[in-house]
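See below for the structure under consideration.
Naming convention: chains lettered A, B, ... in sequence-line order (proteins, then strands); numbering from 1 in each chain. Atom set for the values below is all heavy atoms of this structure, side chains included, hydrogens, waters and symmetry mates excluded.
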Amino acid sequence: MSSHRLRFTLNGQPREVAVAADRLLIDLIRDDCGATGTKLGCAVGVCGACSVLVDGELLSACLLPAVFVDGRSITTVEGLASDGLTPLQDAFIREGGFQCGICTPGQLIAATALLTEKPRPGPDEIRAWMMGNLCRCTGYYGIERAIARAARPT
Amino acid sequence: MTSVAEAPGGVLAEPEYRVEGRDKVTGAARFAADVAMPGMLHAAFVASPYPHARIVSVDVSAARALPGVRAVLTGADTKPQRFGRRLQDWPVLCSDRALFIGDRVAAVAADTLQIAAEAARLVEVEYEELPAILATDAALAEGAPVLHPDAGSYAFLGGTRSAPPHPNIQGHGVREHGDVEAGFRASFRVYEHTFAVPRTHQGYIEPRAALVWLDGETVRVVTTNKTPFSLRNHMSVSLGIPESRIVVDAGHIGGDFGGKGLSLDEFALYHLARATGRPVRAVTRYADDLQATNSRHAGTITLRTGVDRVGRILAHTSKVVFDGGAYAAGKPVATLMPGDAMLTLAGYRVPAARVEAMTVYTNHVPAGHARAPGQPQNAFAAESHIDLIARDLGIDPLELRERNVVRPGDVDVTGQPWHGTDGAELLARLRGSSRYAPSLAPEGRPNWWGWGVALGVRHVGRGKASLVLRTLPAGRVELRTGVSDQGGGAHTLFQRIVSAELGIGLDRVAVVRRTTDAVPNDPGVGGSRVTPVQGTAALDAARKLKARLAALGRSLEDAGELEVTGEAAQEAHEASMYAYVLAVTVDSETGQTKIEDATLVADVGTVINPVALRGQLEGGFAFGLGQAVMEELRVEDGRVVTANLGDYKLPTIADMPRLGIELMTERPGPGPFGAKSVGELANPAVGAAVANAVQDACGSRVMSLPITAEKIWALLPAKQSR
Amino acid sequence: MKFTHAATVAAPRDKVWARLMDIPAAARCVPGVASVRPSGTDKYQGTLAVQVGPVRLVLDGDLVVTARDPSSGTASIRADAKDSRVGGAIRAAMDLALSEKEGQTELRIATDLAVMGRLGEFGQAVIKRKADQLMQDFAECLARQVIAR
Amino acid sequence: MTFDYHEPRSLAEALDLLGRHGDDAHLLAGGTATVILMRQGLLRPGHVVALRAVAELGGVSRTADGGLRIGAMATHRQVERSADALAYSPALVDAFASVATVRIRNQATVGGNLAHADPAQDPPPMLAALGATVTVRSPRGERTLPVDGLAVDHFTTSLAHDEVITEVLLPPIEPGTREAYLKFLPRTADDYATVSVAATMRLADDGTIAHARIVLGAVGPTPIRARRVEDAIRGQPTRRIGDAIAMIADDVDPVDDLRGSAVYKREMARVWTGRALAQLTR
């Protein structure tokens with residue numbers, strides 16, 4: 001098995017890690033970097049618990065070979081707010097955007113990507129974008145309210 | 001014992017802000033799979049590929065020889081140890097026979113998960129395949145193999161197991177009241193219908209995980225189990241270790257929905273930790289969680305009901321046969337059935353009834369508990385049955401329900417007087433808040449738009465709990481509890497109760513969860529228990545602290561170090577009701593349904609956590625909708641073939657219809673300030689509401705869950721073309 | 001999963017029977033079967049290489065004739081094979097029946113196939129179609145071989 | 001799962017690696033399918049050759065003749081968001097946007113999708129209906145083959161082991177042609193199709209059908225071209241469509257699975273083909 005030295009940034013911090021060829025991004029983030037905010041759910045790219053941003057692009061860390069992030073910058077839930085909470089994070093708390101919280105890191109990452117691309121998404125746009133992030137607790141109503149609240153002009 | 005609202009104070013009107021909210025939105029909340037220890041090993045299991053097989057031999061030499069492998073254990077190392085929530089029938093590792101595809105035969109601990117998985121592959125097991133029982137009637141047929149010939153030697157926690165009428169029966173019950181035969185004789189019509197319900201998975205997004213290590217003489221366990229004190233007890237009994245030497249740490253749990261009261265890996269992990277002297281962690285592959293843990297029971301439900309000319313129920317019999325799978329270990333109830341297995345016509349006045357239910361051993365994946373155990377199955381059957389009766393009698397289905405719904409003091413299907421929601425009031429509210437207007441179109445003349453109604457019943461949780469409240473400097477208090485956070489909002493509930501009772505700001509009440517060694521015994525999360533039981537204990541603690549302060553003549557600011565234990569023993573038999581009206585459209589060519597409108601009216605009593613309460617109802621609806629229209633843990637030849645979330649579909653945000661919720665808050669419940677329970681209140685009746693609306697729309701009556709487009713299409717009276 | 005396959009051979013039943021019961025030769029009619037050698041009375045050992053999409057399997061295992069009745073032209077065969085690299089196994093129980101009609105012999109094979117282990121997590125529909133194909137090829141090849149003799 | 005990972009910078013280098021490692025090498029594009037198979041232990045190559053650094057395989061752009069070129073390593077999402085792709089055919093964009101979820105579309109590539117040959121995928125039927133071809137390179141040179149015919153069985157293509165898809169070329173669309181992509185999802189919004197239909201059609205001045213191409217997904221081991229229906233309606237007035245689509249039953253070859261029985265899928269193939277064609281003649 002070949003080994004590869006990767007240089008990347010995780011939530012703004014430069015990292016250098018040697019990984020085996022078969023390492024997946026989810027394991028690089030959680031085990032090698034100790035950032036356990038990103039969760040592993042279904043492991044087949046369906047549930048979205050492992051959603052991360054790679055150079056701003058929304059991806060499944062459970063499906064992405066770690067070698068693909070060499071030279072790129074990764075954002076996980078731990079890196080969303082530099083200080084305090086983002087309006088989206090705060091809205092998730094106030095609107096019941098989560099219950100158990102296991103899907104929440106992925107939901108927040110996906111919704112952040114959505115709001116970057118469409119700062120004022122309509123309900124259909126929220127649903128089309130967020131359908132890749134499963135939540136078993138909320139029925140999604142609170143998530144939709146939270147995203148709409150965060151997108152509301154203040 | 002009720003604690004009716006004594007003006008709970010302004011706090012309950014304040015916006016709710018989850019105590020663990022910040023941790024959950026920043027990634028700081030720690031779940032079991034997030035915990036790593038120095039020197040930690042990773043576990044993998046060898047699973048039986050056969051539904052029923054004798055284990056002839058197990059050769060672990062190749063697995064042991066793999067570099068990085070630290071221990072390989074087989075059933076020979078763990079027998080005769082078995083585990084379970086009530087009946088301990090599930091072997092830690094199989095030693096003589098494997099009873100379902102996925103049953104664990106060997107366990108490996110290795111330096112990495114990859115090595116452990118590779119070693120598991122290298123374990124050579126020779127099996128002799130045995131005839132498998134893949135249907136409940138086959139289990140009870142003459143000459144069927146007995147799956148648990150040594151059942152008499154299994155531990156049964158907290159009592160003695162009543163002898164089952166057949167060795168392949170896990171649990172069985174019959175309940176009768178009134179003169180059933182006379183009721184049927186007096187009936188104008190007698191209706192009998194049989195319904196089928198599939199296996200479903202709880203569908204939590206977090207697969208099970210556990211980490212076990214030995215800390216001197218103490219066994220330490222980090223787990224996704226939502227009942228840590230029970231797990232401590234199970235481990236103590238199974239492994240022969242005193243409870244005082246077991247510490248269970250169950251913090252944030254990534255969804256439970258009933259499934260995570262049963263632990264599987266912790267027992268073998270203990271042996272691996274002991275064999276290696278290292279911490280050992282297992283994180284279940286989601287595919288294995290679907291294939292080999294404990295699902296909701298599949299079953300067949302036959303209901304027979306006699307009614308008079310105006311549709312009043314006179315007599316009822318039912319037979320519920322659930323496929324319990326290979327082990328009964330997942331069921332915590334002494335009957336070894338899902339809690340509501342015998343509640344086949346819940347919510348109605350039933351003067352005479354004979355109800356029979358059973359769970360049967362098969363060589364399928366074991367069945368255990370899932371959100372409102374037994375209710376979704378029985379509610380689908382009963383509420384479909386009632387609708388069929390109404391339609392046959394030419395009575396508006398909602399009106400038929402109005403004629404039969406229980407009111408306080410009525411005798412219900414259990415033969416007991418009803419304590420709980422006034423059903424008539426609930427249905428009146430439902431009529432008022434929905435646009436319900438069924439077409440009652442004659443069969444064969446569908447209009448593709450239909451209305452469906454269904455009602456549901458769930459008990460308010462019972463049990464005992466205690467927790468500790470102590471003072472902190474600067475007029476603050478801290479509540480210490482063993483209740484895990486599975487998402488229901490327990491800790492925020494406690495904070496709001498204590499804050500309201502003490503009349504202090506929310507910011508002055510801290511809630512901390514502690515491991516099993518540091519707090520009093522707690523029954524865990526489940527059974528619609530947290531608000532009425534643990535919530536009452538929190539209120540009791542606050543009241544005791546108030547009394548102590550009054551006795552000492554102190555204020556909270558100069559209280560000094562005080563500590564009180566709040567206790568609750570909530571035994572009132574009380575139940576809540578809820579009902580749905582759904583409007584659906586059906587595609588005349590494909591059978592595809594779309595829910596156009598949904599209204600839920602729920603009797604919730606006093607609202608303590610408004611956001612969490614709404615979330616439970618909304619989430620319960622979504623949970624019910626998934627199991628109504630798309631979810632089925634399909635098993636073929638004993639094998640679960642929906643083995644990933646690409647095939648076992650859960651609803652997405654794009655699948656959710658508009659939902660209007662109306663709360664009934666006037667009638668106080670037995671919980672703190674008059675609160676009731678809502679965690680299992682909204683999911684069970686959704687299936688029947690959909691089935692009823694579909695029939696109203698197009699004439700197709702689907703007698704099994706899930707209600708798929710294809711089933712509707714196959715039943716369309718005339719396959720219309722557009 | 002269960003399948004039934006049939007092929008009609010323009011040859012008398014005895015001839016087809018003889019061919020069928022020459023297991024090593026008959027087995028070569030399954031595409032991908034490498035070698036089949038006797039390993040005991042009515043027992044054989046063999047290897048089947050099969051590709052299902054990107055998944056390449058090399059199934060090693062045993063074949064046992066569990067019943068045979070020349071008078072009725074029926075036989076039962078059980079095959080157990082596994083791929084230890086992929087961690088999957090198959091088990092097939094086949095009931096073969098020959099019936100003669102107007103000088104033609106119809107071969108019917110009823111197969112009950114189980115796919116086990118990780119292999120079973122690969123789409124069941126795909127596996128089913130592949131197995132279906134293999135058995136149909138087998139029946140047709142056998143028919144051709146008998147005629148060719 | 002233990003392999004050596006290679007990240008060639010050029011196609012020549014990639015072909016060289018494929019030649020050197022023979023069928024012990026597996027190409028890796030976006031990875032959405034391959035990673036799952038490797039993780040399950042079902043795919044165990046000794047060498048993985050990733051194409052992500054081969055710049056010449058990227059891009060989505062119009063061709064000089066008015067067609068469209070999609071580089072094999074373009075992601076689904078790049079096609080979905082490409083103004084050039086939208087200008088070329090909105091239905092093509094629909095087909096790519098129908099695949100799974102945003103996250104998957106950000107990772108999965110067009111070439112990887114075609115090489116994976118999953119018969120339930122959305123883009124191949126639409127590409128085939130538009131008459132797309134793929135350009136394939138190997139040490140023996142370059143060849144072009146139609147997308148319709150690239151897949152020969154479930155998850156199996158006609159490509160040799162050392163051949164690499166470099167691009168998909170879509171021919172210019174004749175003026176007046178309309179296209180549609182419909183996907184039937186009876187369970188949930190995120191699923192493989194029970195049946196999908198891609199169709200293109202052009203009417204002659206007299207209102208008869210001058211051109212029709214219909215390709216169905218998820219109802220056979222490969223995308224299925226509904227040739228009988230196409231033949232039956234070509235040159236005919238549009239009102240003949242209703243009768244002709246009944247012939248779809250002979251073109252498709254569905255199996256029972258979690259997304260429906262073969263019987264149901266056969267009927268749904270007819271219904272959804274009818275809907276697609278109705279949309280094109282409306």
Counting heavy-atom pairs closer than 4.5 Å to chain A, which one of [options] comes out on top?
{"options": "B:F621, B:Y286, B:Y204", "value": "B:Y286"}
{"options": "B:E16, B:E20, B:Q202", "value": "B:Q202"}
{"options": "B:I653, B:L659, B:T652, B:D655", "value": "B:I653"}
{"options": "B:N644, B:V611, B:D485, B:I205", "value": "B:I205"}
{"options": "B:G203, B:P207, B:A612", "value": "B:G203"}

Original post:
Of the listed residues (A:C135, A:G37, A:G101, A:C103), which shares the most heavy-atom pairs with chain B below a 4.5 Å separation?
Top reply: A:G101
Original post:
Do B:V25 and A:T104 come close enough that some side-chain heavy atom pair is under 4.5 Å?
Top reply: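 Side chain of B:V25 against side chain of A:T104, heavy atoms only: contact under 4.5 Å found.
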Original post:
Heavy-atom distance under 4.5 Å between the side chains of A:L85 and B:R22, does that happen here?
Top reply: yes
[X] side-chain N/O to [Y] backbone N/O, donor-acceptor pair under 3.5 Å:
{"X": "A:Y141", "Y": "B:R614", "answer": "no"}
{"X": "A:R30", "Y": "B:A33", "answer": "yes"}
{"X": "B:K24", "Y": "A:C100", "answer": "yes"}
{"X": "A:Q99", "Y": "B:G615", "answer": "yes"}
{"X": "B:R18", "Y": "A:G96", "answer": "no"}

Please give me the minimum heavy-atom distance between [X] and [Y], naming the atom from each residue.
{"X": "B:K649", "Y": "A:V46", "result": "NZ-CG1, 4.4 Å"}
{"X": "B:L645", "Y": "A:C42", "result": "CD1-CB, 3.7 Å"}
{"X": "B:A622", "Y": "A:G139", "result": "CB-CA, 3.3 Å"}

Which atoms of [X] are under 4.5 Å from chain B, going by heavy atoms: the side chain, the backbone, both sets, or neither?
{"X": "A:L108", "value": "side chain"}
{"X": "A:A43", "value": "neither"}
{"X": "A:L88", "value": "neither"}
{"X": "A:Q107", "value": "neither"}

Is it the side chain or the backbone of [X] that comes within 4.5 Å of chain A heavy atoms, both, or neither?
{"X": "B:P657", "value": "both"}
{"X": "B:P651", "value": "both"}
{"X": "B:E206", "value": "both"}

Subject >> Atom CD of A:Q13: over 12 foreign heavy atoms under 6.0 Å >> reply: no
Subject >> Point-to-point distance, once rounded to the nearest 0.5 Å, from CE of B:M656 to CD1 of A:I143 >> reply: 11.0 Å
**OP:** Give, for atom CD of B:Q486 and atom CD1 of A:I102, the distance between the pair rounded to the nearest 0.5 Å.
**Re:**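 Nearest 0.5 Å value for the CD-CD1 distance: 13.0 Å.
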Subject >> A:R136 charged N/C atom sitting above B:F623 aromatic ring, 6.0 Å / 45° >> reply: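 Yes, A:R136 sits over the ring of B:F623.
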